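Order of listing sets the numbers, starting from 1, for every ligand and every atom in it. Predicted model only: the values in this text are computed from it and were never measured.
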Amino acid sequence: MDKTLVSKSKFLSLVLRHQPESIGLMLDPNGWADVQELVRLANAHGNRITFDDIRIIVSLSEKQRFALDPSGLRIRANQGHSVKVDLELSPLQPPEILYHGTATRFLPSIHQSGLLKGARHHVHLSRDADTANAVGRRHGQPVILTILAEDMWRSGQMFYQSDNGVWLTDHVPVSWIKFP
Ligand code: HQG
């Protein structure tokens, strides 16, 4: 994706996950926005974007950050929200092991409180260590934590999977984390 599209994609993340009100956009209770309205409001606020840009970003995003509904008229972010939306995720049994990438500077605090969801709806976990490493690198010197997900699930903790395959849970207590 070229630089212009990357910055347009970041703008979509901002308005569909965190600050729809920054352009006066309304998300429905399940996080959907009307694409035409999004385009109109974005341009009215100086963020140049077209319907075609959106279609290209949705299809090129390697992480499938966004989804268009079957009609193609509505769009939402698949995960990562800080605004309150109900993605209607169904609880699901996780694989035995999941990974969480973080930065070494967060380790003392994680040792104390486990993994916290912070501003997001959930703690984000990955199926593979490479993805976790890339997620951790965004915050500093990366470190990969191994999560005993299936045991945690058997103990009664809920897991969900977003439409783009990210594993989600509320909180990972220290007892289910294997530190390197
Ligand atoms: C850390 C991206 C101190 C946590 C990625 C992380 C992901 C703690 C940071 C998605 C802590 C939060 C989410 C504790 C957790 N003490 N630090 N007790 N518990 N942390 O960005 O998981 O590109 O909110 O380890 O690919 O990094 O946006 O979460 O380092 O899927 O589509 O607090 O964002 O996706 O950072 O990333 P974030 P994340 P997108």
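Counting only non-hydrogen atoms, the option in His111, Lys63, His18 that gets closest to atom 35 (O) of ligand 1 is Lys63. Around atom 11 (C) of ligand 1, the closest heavy atom drawn from Ile110, Leu145, Asn164, Thr102 belongs to Ile110.
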inquiry  = The test is salt bridge (charged side-chain N to carboxylate O under 4.0 Å, His left out); show your working for Arg74 and Asp28 and say whether it passes.
reply    = CA-CA 10 Å; Arg74 297 189 309 160; Asp28 85 355; 3.2 Å; yes

task = Evaluate side-chain contact (heavy atoms from CB on, under 4.5 Å) for Leu168 paired with Leu125, printing each intermediate quantity in order.
result = CA-CA 6 Å; Leu168 305 164; Leu125 303 171; over 6 Å; no

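Numbered from 1 in the order shown, with element, the atoms of ligand 1 that lie under 4.0 Å from a heavy atom of Val135 read 5 (C), 22 (O), 26 (O), 27 (O), 37 (O), 39 (P). Of all the atoms in ligand 1, the ones that sit under 4.0 Å from a non-hydrogen atom of Gly114 are 14 (C), 18 (N), 19 (N). Atoms of ligand 1 lying under 4.0 Å from any heavy atom of Leu115, numbered from 1 in the order shown and given with element: 15 (C), 19 (N).
A salt bridge between Asp53 and Lys8 is present, with a side-chain N of the basic residue lying under 4.0 Å from a carboxylate O of the acidic one.
Note on ring orientation: taking the six-membered ring where Trp is involved, the planes of His122 and Tyr160 are tilted (angle from 30° to 60°).
Of the protein's non-hydrogen atoms, Arg17 NH1, 2.7 Å is the one closest to atom 28 (O) of ligand 1. Looking only at protein heavy atoms, the nearest one to atom 19 (N) of ligand 1 is Leu116 N, 3.0 Å. Among all protein heavy atoms, the one lying closest to atom 29 (O) of ligand 1 is Arg120 NE, 3.7 Å. For atom 4 (C) of ligand 1, the nearest protein heavy atom (residue, atom name, distance) is His100 NE2, 3.4 Å. Ranking the protein heavy atoms by distance from atom 1 (C) of ligand 1 puts Phe106 CD1, 3.8 Å first. The closest protein non-hydrogen atom to atom 13 (C) of ligand 1 is His124 ND1, 3.4 Å. The nearest heavy-atom contact from the protein to atom 6 (C) of ligand 1 is His139 NE2, 3.8 Å. Of the protein's non-hydrogen atoms, the one nearest atom 3 (C) of ligand 1 is Ser109 OG, 3.3 Å.
Contacts between Arg138 and ligand 1 below 4.0 angstrom, taking non-hydrogen atoms only, involve the side chain exclusively.
Under the 3.5 Å distance criterion, with hydrogens and angles disregarded, no donor-acceptor pair is assigned to the side chains of Asn78 and Gln64. Under 3.5 Å, the side chains of Thr50 and Asp52 contain no donor-acceptor pair of N or O atoms. A side-chain donor from one of Ser71 and Asp69 sits under 3.5 Å from a side-chain acceptor of the other.
Around CZ of Arg48, the count of heavy atoms belonging to other residues, nucleotides or ligands within 6.0 Å does not exceed 12. More than 12 heavy atoms of other residues, nucleotides or ligands sit less than 6.0 Å from atom CE of Met1. Counting heavy-atom neighbours within 6.0 Å of Gln93 CD, excluding the residue itself, gives a total above 12.
Put simply, no part of Ser13 is less than 4.0 Å from ligand 1, judged by heavy atoms.
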